[in-house]
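Each chain gets a letter, A, B and so on, in the order the sequences are listed, and its residues count up from 1. None of these values were measured; they are calculated from a predicted model.
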Amino acid sequence: MAHPLSDPATARQALATMWEIRRFEEAVDDLFARGLMHGTMHLSIGQEASPTGVCLALRDDDAITSTHRGHGHCIAKGADLTRMMAELLAKETGYCRGRGGSMHIADVDTGNLGANGIVAGGIPIATGAALAYRLRGDDKVVACFFGDGAVNEGAFHEAVNLGAIWKLPVVYICENNKYGMSFSTEKSMAVENVAEKAAGYGMPGVTVDGNDVAAVYEAMETAVARARSGEGPTLLENVTYRWKGHSKSDKNLYRTRDEISEWQGRDPIVAFETRVVEAGLLGRDDIAAVRDEVVQKLRAAVREANSAPDADPSDLLDSVYASA
Amino acid sequence: MAHPLSDPATARQALATMWEIRRFEEAVDDLFARGLMHGTMHLSIGQEASPTGVCLALRDDDAITSTHRGHGHCIAKGADLTRMMAELLAKETGYCRGRGGSMHIADVDTGNLGANGIVAGGIPIATGAALAYRLRGDDKVVACFFGDGAVNEGAFHEAVNLGAIWKLPVVYICENNKYGMSFSTEKSMAVENVAEKAAGYGMPGVTVDGNDVAAVYEAMETAVARARSGEGPTLLENVTYRWKGHSKSDKNLYRTRDEISEWQGRDPIVAFETRVVEAGLLGRDDIAAVRDEVVQKLRAAVREANSAPDADPSDLLDSVYASA
Amino acid sequence: MSDQDREISYAEAVREAIGQAMEADDRVFMLGEDIGVYGGAFGVSGDLFERFGPERVRDTPISELGIVGAAVGAALAGMRPIVEIQFSDFTNQAMDQIVNQAAKIHFMLGGAAEVPMVLRAPLGSGTGAAAQHSQSLEAWFAHVPGLKVVMPATAEDAKGLLLAAIDDPNPVIVLEHKLLYRTSGPVPEEAFRTPLGQTAVRREGADLTIVATGVMVSRALEAAETLARDGVDVSVLDPRTLTPLDIEPILADVSRTGRVLLVQEAPGHVGFTSEIAARIAESPALYRLLAPIRRLSGLDIPIPYAPQLESAAVPQVPDIVEAGLTLIKES
Amino acid sequence: MSDQDREISYAEAVREAIGQAMEADDRVFMLGEDIGVYGGAFGVSGDLFERFGPERVRDTPISELGIVGAAVGAALAGMRPIVEIQFSDFTNQAMDQIVNQAAKIHFMLGGAAEVPMVLRAPLGSGTGAAAQHSQSLEAWFAHVPGLKVVMPATAEDAKGLLLAAIDDPNPVIVLEHKLLYRTSGPVPEEAFRTPLGQTAVRREGADLTIVATGVMVSRALEAAETLARDGVDVSVLDPRTLTPLDIEPILADVSRTGRVLLVQEAPGHVGFTSEIAARIAESPALYRLLAPIRRLSGLDIPIPYAPQLESAAVPQVPDIVEAGLTLIKES
Ligand SMILES: Cc1ncc(C[n+]2csc(CCOP(=O)(O)OP(=O)(O)O)c2C)c(N)n1
Ligand SMILES: Cc1ncc(C[n+]2csc(CCOP(=O)(O)OP(=O)(O)O)c2C)c(N)n1
Ligand SMILES: [Mg+2]
Ligand SMILES: [Mg+2]
């Protein structure tokens, strides 16, 4: 809950989070390529500043809802990398006991109410969680992540409207990475920015550079304050880009090499490192130390996760219903 | 396809249509009250200017989609009152052979693709019909009617966006009668006018006095021209009011007597009669003649419909699938 | 009048259950379209709005997907929402949240979360509301692992099963037949629970087992009276919950009578009674059958508007009587 | 290589059918998410975008309800749309348009309109995509009067049934199993039609009838080979269309073998094979049964992510073999 450029510790934390996301995704990419991971994976390399900046503006007891591209959200909200990796490796020690996998990863204890395999599926859920907090008299806020593609779903529309009319403590965060799989935002909507849709719901809409963790934080801080004080939701649009294909089956036919490398030039981590050094918050050696620590942490996570027991099929039938 | 105040014949036609709607609804109300009609009925008394003005701006071969409150749309597009009444009386000669009733009344021949019992259900359908015309190289336009309540459905959002990005020949017409059953627009949305939602889809949004048939016509004419020329849809909001309860089970607890009588003071038919007289288009005697003719027409429709054979159950099982 | 004799309507029983649950537990709240001052499309919420106020009896815009999703989220965050969907046909709007979210979250998250919510919706035909307002989709919900599905047939069950549903830590779909709302029966005043997963034996007979749900239970009981006059002694069993399904009493009764008639309002093709038939046919009860299993279902058509067409579309008392007699003759 | 010997994949067969239909009839067009330059989530549309252009192979935003509704409207207005839904799980988003609109319009309008549309969607598990991307909801569609429901099990059927579906003046749901897309088989090059409503006898045997759909057909055939080595001679029947359902060949085969095993991937409770069991149990074939009917279905659970859990959740070849042997022993 501090600006990423306010002090060395926070700067360090923001940087470490972004590196954790980057390295986690790279590890997943690698494990998948080597046939050691199952299913499909949606990586958020290039988008690290958005979850990091957003979650920095949240309290620990605030909640998030996440998406199919949810590893970054989960990490930024404070999940344990080993249990995340264990989930993706289909282990009994994974967050979901191997039942959910990447698209359903959740860590309810750190306030992550769940990734979602359904585009826009989490938006009504976030809205309902915010309603619950209001009804219970909690002053918690929900940060609801979704992509630009999700904005075209009816679920977005219905839920955002409920949030607006009831002035719920929720922030709607569109991670606009320009494509909903292969379909560009130029084609999927007849306006320039997703944030322009906010006016129709009577709420503020803000577009920020989603690769600038400080800008994301600042916009989010304002939105959170608004939400927490009962003034209602904000639609925050973090403009960013995914470097990798949509999922493992993507041949990248719908975008150009040039576009991809242009965005790789706007690496959110490199940009932040430059800024913290320029601001005199961290030295180059601090940065090297952060990188190193993250690499070690990831190695340990993969190692521990790998040696955990496989998900156990024996109680499948008993896992469907909760018991009173 | 002429302004309702452009010449006596058109003025007469507009007036006759409004009276036909009014008298049709009154007849239905009466038949229902006397236990001669089944199901439930949603009457559009007080809203006659909207369908009338809209359909005046359409060509005969243009299409409409309609709603649960659809008698007015059906009449304004040119349907036969006897076959409509026969449908509501569950007769074999009704438009739907007694299978559909009020909420599914349709007259495909005059371009009414159907009422809809599902709030917002017709909006994607209208959009698809417009797509069909585009693909077939027809220059037809679709007028898509829905209520203010429908705007809160995901179907509205998804369909209107499709219409916008594909610049389809469709006009989205919200008949904002201030309530979606009992829930007021003040509560259901955090903006003043439905038309404010248009900007988020990149299309024009226009709010007009929906009780002024000329104003409706003018706005619709512009929207139709735009649609037909390939520039895409418009969101047209006709602000109006229903005098009767939502349906037959409504106790009107959510609105005041005062509000109702205030709106009854803004009777769209009386207002139009005054204007045509002032404009010298019709005399008081012409108006009396129109009223008389409509009364006769309605009486004949009810009589004929009543004497038609009841809907025939014998081929129910063969009515489900079309055969090649 | 003693407590046991008190008769209230099915709609009142539902309302009483909700009121008692809301009094006892702050986490319970309602949301739905026109449940506030309007009192609900079928008058079920009635005065709950006055009693509990607009926060806990929450009127919503026409946004079924949004409000069911809000219930899912609220449940995840520790509340116990009860959503009312005006007509069960409109659950079609909310299927993603019901089926892809509510039903699966507990499982997908490896048990780390629960979704204790109730979705109530009126189903069925008989009011002239035509095809989009008269469906019976209970088979769908029953087919989805993770949901529990309740179809109360009496005022007493409307209350007792609903209170059990509200207690349940899982998403429970409660399908109330709209023709039953105005029927009355004895209902205890206290907040009693009727456990989910217990088939009720509504009548015991020697010759024929009828299994029926929802509004078909009373029709079956009426038919049983007629059949009794024809010398046919009929059992009527009401599973009450489709999931969990308590099949044993049904198999036992069928084994005893040797004849079974399965009655539902929904179209027959791939319906709930298909499952009952299958359960019998894969059990030893099969060997006790004196005649083939017989299903009596709604026609495989959308519900028509015209009254005479509408009543022809679903089983009526005389149809049940006739089917029962045919079964006796066949064996 | 003669025409009859040509082998192509199931995905290619679907694509070929669509291409031929689009060549023959201007009214046919496709719409769906990422079916354009991406070629479809499962690569089915492939080069159709290049061949027919962006108007007729229409990429859409992520708006399932909107695009299915657009297909309904386009069909009403005289076109013959084919919608692709990326995963059949997302039909949940579009249920209103499928069930309340497409299925009912012809009936509700008293025959005054038709909705000739095809909705294609991949179903089933086996790809590690977990609970929201792996469902088998065919039972739902089959339960809705007004829809036809097709589940092609071979490359040949994928083409022939799809061409018949496109011709059909009614809404047809075509559920393609995603594990089948890469399987190959002989497929005639010409635009042949395989009529809807004809059960295919995939194998004929004397001892046991297996009825299976979708990916379970090939598993059943594989199991039949194993069972043959154990001296059990198996028939394998594939209904191919759930609605209309051609039950006669199934009843005939069961009457002949006296034993029946019904296999589906979907959870068993209130599933499609429940209906088959019911049809058998209400027919005279009942009296020819040497053992109770046996169903082998997916577990009543959401599909889990972990590979070993996922495969435990649905019938595999050894499960079919075992169930077959048990049936023989029981009788
Ligand atoms: C309801 C639904 N429709 C389609 C899909 C398939 N799908 C998964 S991710 C995706 C693209 C989502 O785009 P966006 O919301 O922009 O998120 P991004 O992948 O860009 O992070 C699609 C179409 C889905 N999972 N759910
Ligand atoms: C999807 C759906 N939800 C709810 C209903 C029940 N219902 C019928 S009409 C109506 C109100 C509609 O309001 P609006 O769109 O403003 O139209 P109006 O009745 O005012 O003409 C409601 C809630 C329905 N028919 N369909
Ligand atoms: Mg995106
Ligand atoms: Mg309204």
Side-chain angles (χ1 to χ4, degrees), chain B residues 63 65 87 92 94-101 103-109 113-118 120-136 138 140 142 153-155 157-163 165-166 168 170 311 315-324, chain D residues 26-29 31 55-56 58-81 83 93-94 96-97 99-117 144-148 164 167-172 196 243-244:
Chain B
T65 61
E87 183 58 31
E92 188 64 25
Y95 272 115
C96 310
R97 302 182 59 214
R99 280 140 169 79
M103 282 197 283
H104 307 296
I105 204 152
D107 178 19
V108 180
D109 290 340
L113 301 180
N116 211 309
I118 298 293
I123 312 179
I125 294 175
T127 305
L131 174 60
Y133 298 145
R134 151 80 56 77
L135 287 170
R136 285 163 38 173
D138 279 357
K140 295 193 203 179
V142 185
E153 285 280 358
H157 175 72
E158 296 189 14
V160 164
N161 187 52
L162 294 181
I165 61 170
W166 293 337
L168 295 178
V170 51
D315 68 344
L316 273 179
L317 282 170
D318 295 328
S319 306
V320 181
Y321 295 95
S323 41
Chain D
D26 274 353
R27 297 172 305 171
V28 179
F29 73 104
L31 69 175
E55 288 286 312
R56 292 183 73 194
R58 184 167 287 263
D59 244 333
T60 72
I62 312 175
S63 308
E64 290 81 9
L65 180 60
I67 66 179
V68 173
V72 175
L76 262 179
M79 299 294 286
R80 302 225 158 216
V83 200
Q93 263 71 354
D96 178 61
Q97 287 292 334
V99 172
N100 288 335
Q101 313 293 345
K104 296 180 172 50
I105 284 175
H106 178 70
F107 181 89
M108 288 192 303
L109 266 55
E114 297 179 355
V115 186
M117 64 178 273
V144 177
L147 300 178
K148 297 188 177 181
D167 285 348
D168 201 281
N170 297 287
V172 183
L196 308 185
T243 310

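- You'll find the side chain of D:R58 reaches within 4.5 Å of the side chain of B:L131, heavy atoms only.
- Using a 4.5 Å heavy-atom cutoff, the side chains of D:V68 and B:P124 are not in contact.
- Atom CG in D:D96 sits 8.0 Å away from atom CD in B:E153 (nearest 0.5 Å).
- A pairwise comparison of heavy atoms in D:L76 and B:L113 identifies CD1-O, 4.2 Å as the closest pair.
- Contact annotation for B:L316: both backbone and side-chain heavy atoms come within less than 4.5 Å of a heavy atom of chain D.
- Most heavy-atom pairs under 4.5 Å with chain D, from the set B:R97, B:R99, B:H157: that is B:R99.
- Residue D:D59 comes nearest to B:W166 through the heavy atom pair O-CZ2, 3.7 Å, listed as atom of the first residue, atom of the second, then distance.
- Of all the heavy atoms in B:L162 and D:P61, the pair that sits closest is CD2-CD, 3.4 Å.
- By the side-chain hydrogen bond (donor to acceptor under 3.5 Å, both in side chains) test, D:T60 is found to be paired with no residue, residues two or more places apart in sequence or in another chain being considered.
- Here the side chains of B:M103 and D:M108 are not in contact, with every heavy-atom distance at 4.5 Å or above.
- Neither the backbone nor the side chain of D:R27 comes within less than 4.5 Å of any heavy atom of chain B.
- Here the straight-line distance linking atom CD1 of B:I118 with atom CG of D:N100 works out to 4.0 Å at 0.5 Å rounding.
- Residues D:L65 and B:E158 share a closest heavy-atom pair of N-OE1, 3.1 Å.
- For B:V108, the part sitting under 4.5 Å from any heavy atom of chain D is the side chain, from C-beta outward, and nothing else.
- The backbone N or O of D:L147 sits less than 3.5 Å from a side-chain atom of B:Y321, completing a donor-acceptor pair.
- Heavy-atom distances place the side chain of D:E114, and not its backbone, under 4.5 Å from chain B.
- Atom CG of residue D:D26 and atom CZ of residue B:R136 lie 11.0 Å apart, to the nearest 0.5 angstrom.
- The candidate from D:E64, D:Q97, D:Q93, D:K148 with the greatest count of non-hydrogen atom pairs under 4.5 Å with chain B is D:Q97.
- Using a 4.5 Å cut-off between heavy atoms, B:S323 touches chain D through its backbone atoms (N, CA, C, O) alone.
- B:D107 does not touch chain D: none of its heavy atoms, backbone or side chain, sits under 4.5 Å away.
- Residue B:D138 does not touch chain D at all, counting heavy-atom pairs closer than 4.5 Å.
- Using a 4.5 Å cut-off between heavy atoms, B:A155 touches chain D through backbone and side chain atoms alike.
- By number of non-hydrogen pairs under 4.5 angstrom with chain B, the leading residue of D:K104, D:E55, D:R56, D:H106 is D:H106.
- The two residues D:P169 and B:A322 make their nearest non-hydrogen contact at CG-O, 3.5 Å.
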